Protein chains: 2
Amino acid sequence: MATIEKSTGEGPAAAGKAGREHGVSYRDLWSRPGYLVRRLHQIHVGLFAEECADKDLTPVQFAMLSVLYGVQGLDQFSLSTSVGVDRTSGADVIKRLVRRGLLARERSETDRRANIVRITPAGRTFVDQMRPAMERAQNRLIEPLSEGERDLFLEMIRKMVEANNSASRAPMG
Amino acid sequence: MATIEKSTGEGPAAAGKAGREHGVSYRDLWSRPGYLVRRLHQIHVGLFAEECADKDLTPVQFAMLSVLYGVQGLDQFSLSTSVGVDRTSGADVIKRLVRRGLLARERSETDRRANIVRITPAGRTFVDQMRPAMERAQNRLIEPLSEGERDLFLEMIRKMVEANNSASRAPMG
DNA sequence: CAAAAAAAGGACGCATACTCCCTAAAACAA
DNA sequence: TTGTTTTAGGGAGTATGCGTCCTTTTTTTG
């Protein structure tokens, strides 16, 4: 694999549960919460892609469709905010979904700055068909946890998201 | 904000803790583990950027420097694997760090396919200076949790990452 | 009412994180 | 040794997720 051997415990094998030697020092990657969260996010994207293989839709795209499913229409900013992405990122996602015919976009009559986005009948059908695959991906992510741990995990992660909401570039609510 | 009102509970306000009406149905975004993980990852990137404002380094870049800090040298693939990113993503990150003089790269003598990557003295200094900021970002992420919850959270997230490791495009170990 | 502030969106650029396809080099097998 | 397969890396293309600068439109304020 490598021509030169690894000498430290930064790898997963050497890391394990007891990575912090002195207090809270985050010496190796597996003791850094942010690192683990990034890895878990990667994994969820992977699981989602696996379950939705033929559909070719991403988690964020599905989240947008989910929000619009139960709404008459939303401007791009509100839509982006409610799925928790940046305004400019959201605009890109919307553009692709419009191109695929899953969303429709029109200039607002009452506020000519705003684009009103709606889900199309095709988009609605798509959501109906994809929901089981999405749920399988969600379940596989937390499957390694016990029943009790799953609720606990959701509680804790919600607490962190709510408390640090303003730190994100796409604060919600 | 919007010209048309939101009618459903997909938003954060209506969501809360009791989002699942029938069994495990993930009806609203705040009940979807994958969604919450994506948000938490966003937040960590935001916190990291905030703490390291003047340094202009990302979490993945710092992870790479961290790994190379304790190692003689690594080929690009091994380096990417040990920080948990895809081979091609890793190559891009390395390219930027080389451009900034924090890493050095040379063709291996023993295997002329491989690029051996090393941290430069400047990179080493950089890591030393940045570590406190990185640790502040890590601490702020889990600060909303109680002392006991923090260890529990790390346990659980490690369990999920290890069990689903192969689902990611950048499996480790 | 006119000037200023705010808000929505577009356009461009950067960084992560993949895909697929390609070349070159090494390892392995017949 | 001669093929075949594996491995390392590069290049092109796509998607998220941000920043910044800019225009247009609306709202607010003096």
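These values consider heavy atoms only, across backbone and side chains, with no hydrogens, waters or symmetry-generated copies. In the text below, chain A, chain B and the rest are named by the order of the sequence lines, each starting its count at 1. Everything quoted here is computed from the prediction, not taken from an experiment.
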Distance-only donor-acceptor test (3.5 Å): side chain R107(B), base dG9(D): no
Just list the side-chain donor-acceptor pairs under 3.5 Å for residues 53-62 of chain B, sequence neighbours left out, or say none.
unit_1, atom_1, unit_2, atom_2, d
T58(B), OG1, Q61(B), N, 3.3
Q61(B), OE1, T58(B), N, 3.2

Identify whether the distance between the nearest side-chain nitrogen and carboxylate oxygen of E149(B) and K159(A) falls below 4.0 Å. yes
Do R140(B) and E50(B) meet the salt-bridge criterion of a basic N to acidic O distance under 4.0 Å? yes
Heavy-atom nearest nucleotide on DNA chain C for R38(A) versus R105(A): which residue maps closer to 5'? R105(A)
Residue pair D56(B)/T88(A) against DNA chain C: nearer the 5' end by closest nucleotide is T88(A)
Send over the distance from [X] [atom1] to [N] [atom2], rounded to a whole Å.
X: H41(A); N: dA15(D); atom1: NE2; atom2: P; value: 16 Å
X: D111(A); N: dT25(D); atom1: CG; atom2: C1'; value: 7 Å
X: L79(A); N: dG9(C); atom1: CG; atom2: P; value: 10 Å
X: Q42(A); N: dA15(D); atom1: CD; atom2: P; value: 19 Å
X: E106(A); N: dA8(C); atom1: CD; atom2: P; value: 18 Å

Return the nearest nucleotide to the side chain of [X]; candidates are [options].
X: R87(A); options: dT20(D), dG9(D), dA15(C); value: dT20(D)
X: R99(B); options: dA15(C), dG10(C), dG9(D); value: dA15(C)
X: D86(B); options: dC18(C), dG9(C), dG10(D); value: dC18(C)

Counting N and O atoms only, with roles assigned by atom type, does the side chain of R105(A) sit under 3.5 Å from a partner on the main chain of I116(A), one being a donor and the other an acceptor? no
Check for a donor-acceptor pair, side chain of S78(A) on one end and backbone N or O of L74(A) on the other, with a separation under 3.5 Å. no
Just N and O in the side chain of Q61(A): are any of them under 4.0 Å from OP1 or OP2 of dA15(D)? no
For dA8(D) and R112(B) - does any side-chain N or O of the residue sit under 4.0 Å from the phosphate oxygens OP1/OP2? no
More than 12 foreign heavy atoms under 6.0 Å from CZ of R112(B): is that the case here? no
State whether a side-chain donor-acceptor pair under 3.5 Å links S89(A) with D92(A). no
Closest-nucleotide mapping onto DNA chain D: is D92(B) or Q76(B) further toward the 5' terminus? I mean the 5' end. Q76(B)
Option from V71(B), V117(B), N115(B), V93(B) for which side-chain contact (heavy atoms from CB on, under 4.5 Å) with L79(B) holds: V117(B)
Check every strand shown and say whether [X] touches a base, only sugar-phosphate, or nothing at a heavy-atom separation below 4.0 Å.
X: R100(B); result: nothing
X: V93(A); result: sugar-phosphate
X: T58(A); result: sugar-phosphate

Should L141(A) and V37(A) be counted in the same cluster of Ile, Leu, Val, Met, Phe, Trp and Tyr side chains packed under 4.5 Å apart? yes
Can you give me the N/O atom pairs linking the protein to nucleotides 3-5 of chain D at distances under 3.5 Å, or say none if there are none?
none

Ignoring hydrogens, what is the shortest heavy-atom contact between Y69(A) and R124(A)? Give both atom names and the distance. O-NH1, 3.1 Å
Under-3.5 Å N/O pairs linking protein and nucleotides 1-7 of chain C:
unit_1, atom_1, unit_2, atom_2, d
dA7(C), N3, R113(A), NH1, 3.2

